[in-house]
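So the structure is just underneath, and the comments pick up after that.
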Amino acid sequence: MAELMEQRDLTQSELARRVGCTAGAINQIMTGQTLRSRYMPAIASALGVPYDYLAGNSDDPNEWEPSTGLAEDRSIQVPMIDLAYGMGGTYLDDEEPEVRTEAFPLAFIRRYTAAKADKLVFAEGIGDSMAPTIQTTDLLLIDQSDQTLRLSDQIWAFSYGGVGMVKRLRPRPDGSVAILSDNPNVPEDKAVDDELHLIGRVVAKVSKL
């Protein structure tokens, strides 16, 4: 990144101005303090290189020719799973969920995650236990590359006792994990030992109007 900035005669302050962030945020990325940043797609656009090159997923800075300053013209195929995960709970062992793939603009996906396409899946929400945050039929973008509970109260897709769920998870000091719903009428649950298997973190939703 530093070499690209030098080639384009860009200072950290100027790059930050073009991206719409602070110079400190650029410095954190350049020094490795921040490994994943929501500004990376915009930085790639400002530097005139594909996102995959800046993220280290490609060795070719000329893999595509930008037509609009960002790779809106590129799309990736993302699996769409209809039945696997429910916001209340759907039994994963009952049947194999129907899976299809649909094309989504790469620029849209990169607003929310830097994960590779084979680590992403969309799922349609079922139930109201996460209302009002997530409504039935909302499309949920799940990042399967994230398999570690680093922060409390993030929303995850996971399997608990053979049931697929989408809930907030909160690690407890005793090693258990609190399973939380946004709907105040749904009580808190708790997973211990190896009862909980993470599928991926929910990083975005697409709602119908």
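What you see is a predicted model; the values in this text were computed from it and never measured.
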_Just to verify, what does Gln154 make a side chain to side chain donor-acceptor pair (under 3.5 Å) with, not counting sequence neighbours?_
none
_Tell me every residue that passes salt bridge (Lys or Arg N to Asp or Glu O under 4.0 Å) with Arg8, counting only those two or more places apart in sequence or in another chain._
none
*asked:* Please enumerate all residues that pass side chain to side chain contact (heavy atoms under 4.5 Å, CB included) together with Val177, with sequence neighbours excluded.
replied: Leu149, Leu169, Leu196
*asked:* Nearest 0.5 angstrom please: Met1 CE to Leu15 CG, how far?
replied: 5.0 Å
*Which heavy atom in Val186 sits nearest to a heavy atom in Lys167, and how many Å separate them?*
CG1-NZ, 4.0 Å
*Return the minimal non-hydrogen interatomic distance between Ala23 and Ala16, and the atom names on each side.*
N-CB, 3.6 Å
_Any heavy-atom pair between the side chains of Lys205 and Leu141 that's under 4.5 Å?_
no
*When you measure from the side chain of Gln135 to the backbone N and O of Ser207, does any donor-acceptor pair fall under 3.5 Å?*
no
*In chain order, what residues pass the salt bridge (Lys or Arg N to Asp or Glu O under 4.0 Å) check against Glu195, with sequence neighbours excluded?*
none
*Min side-chain heavy-atom separation Ile26-Arg17 under 4.5 Å*: no
*Non-neighbouring partners of Asp174 that pass side chain to side chain contact (heavy atoms under 4.5 Å, CB included), sequence neighbours left out*: Arg172, Ser176
*How about Met5 and Gln12: do any of their side-chain heavy atoms sit closer than 4.5 Å?*
yes
_For Asp128 against Thr136, the heavy-atom pair lying closest together_ = N-OG1, 4.5 Å
*Under the side chain to side chain donor-acceptor pair (under 3.5 Å) rule, collect the residues that match up with Asp153, sequence neighbours excluded.*
Arg170
*Do Asp146 and Trp156 come within less than 4.5 Å of each other through their side chains, counting heavy atoms only?*
yes
*asked:* Regarding Asp143 and Thr113, do their side chains bring together a donor and an acceptor under 3.5 Å, going by distance alone?
replied: yes
*Drop me the distance from Ser159's OG to Leu198's CG, to the nearest 0.5 angstrom.*
10.0 Å
*Evaluate the side-chain proximity of Ile199 to Gln144: yes if any heavy-atom separation is below 4.5 Å, no if none is.*
yes
*Backbone N or O of Thr133 within a donor-acceptor pair of the Asp182 side chain at under 3.5 Å?*
no
*Is the closest side-chain heavy-atom distance between Phe122 and Leu140 below 4.5 Å?*
no
*Separation between CZ of Arg150 and CD of Gln147, rounded to the nearest 0.5 Å*: 10.0 Å
_Partner residues of Ala2 under the side chain to side chain contact (heavy atoms under 4.5 Å, CB included) criterion, sequence neighbours left out_ = Met30
*asked:* I'd like to check the side chain to side chain donor-acceptor pair (under 3.5 Å) partners of Thr31; sequence neighbours left out, ordered by chain and number.
replied: Gln33
*Check whether any side-chain heavy atom of Ile155 sits under 4.5 Å from a side-chain heavy atom of Met130, and report yes or no.*
yes
*Val206 side chain reached by Phe108 side chain, heavy atoms, under 4.5 Å*: yes
*Just jot down the side chain to side chain contact (heavy atoms under 4.5 Å, CB included) partners of Glu3, sequence neighbours excluded, or say none.*
Gln7
*By side chain to side chain donor-acceptor pair (under 3.5 Å), which residues pair with Thr11, not counting sequence neighbours?*
none
*Measuring from Arg201:CZ to Ser145:OG, what's the distance to the nearest 0.5 Å?*
8.5 Å
*Can you tell me how far the OG atom of Ser129 sits from the CG atom of Asp189, to the nearest 0.5 Å?*
11.0 Å
*State whether the side chain of Tyr160 and the backbone N or O of Ile179 hold a donor-acceptor pair below 3.5 Å, judged by distance alone.*
no
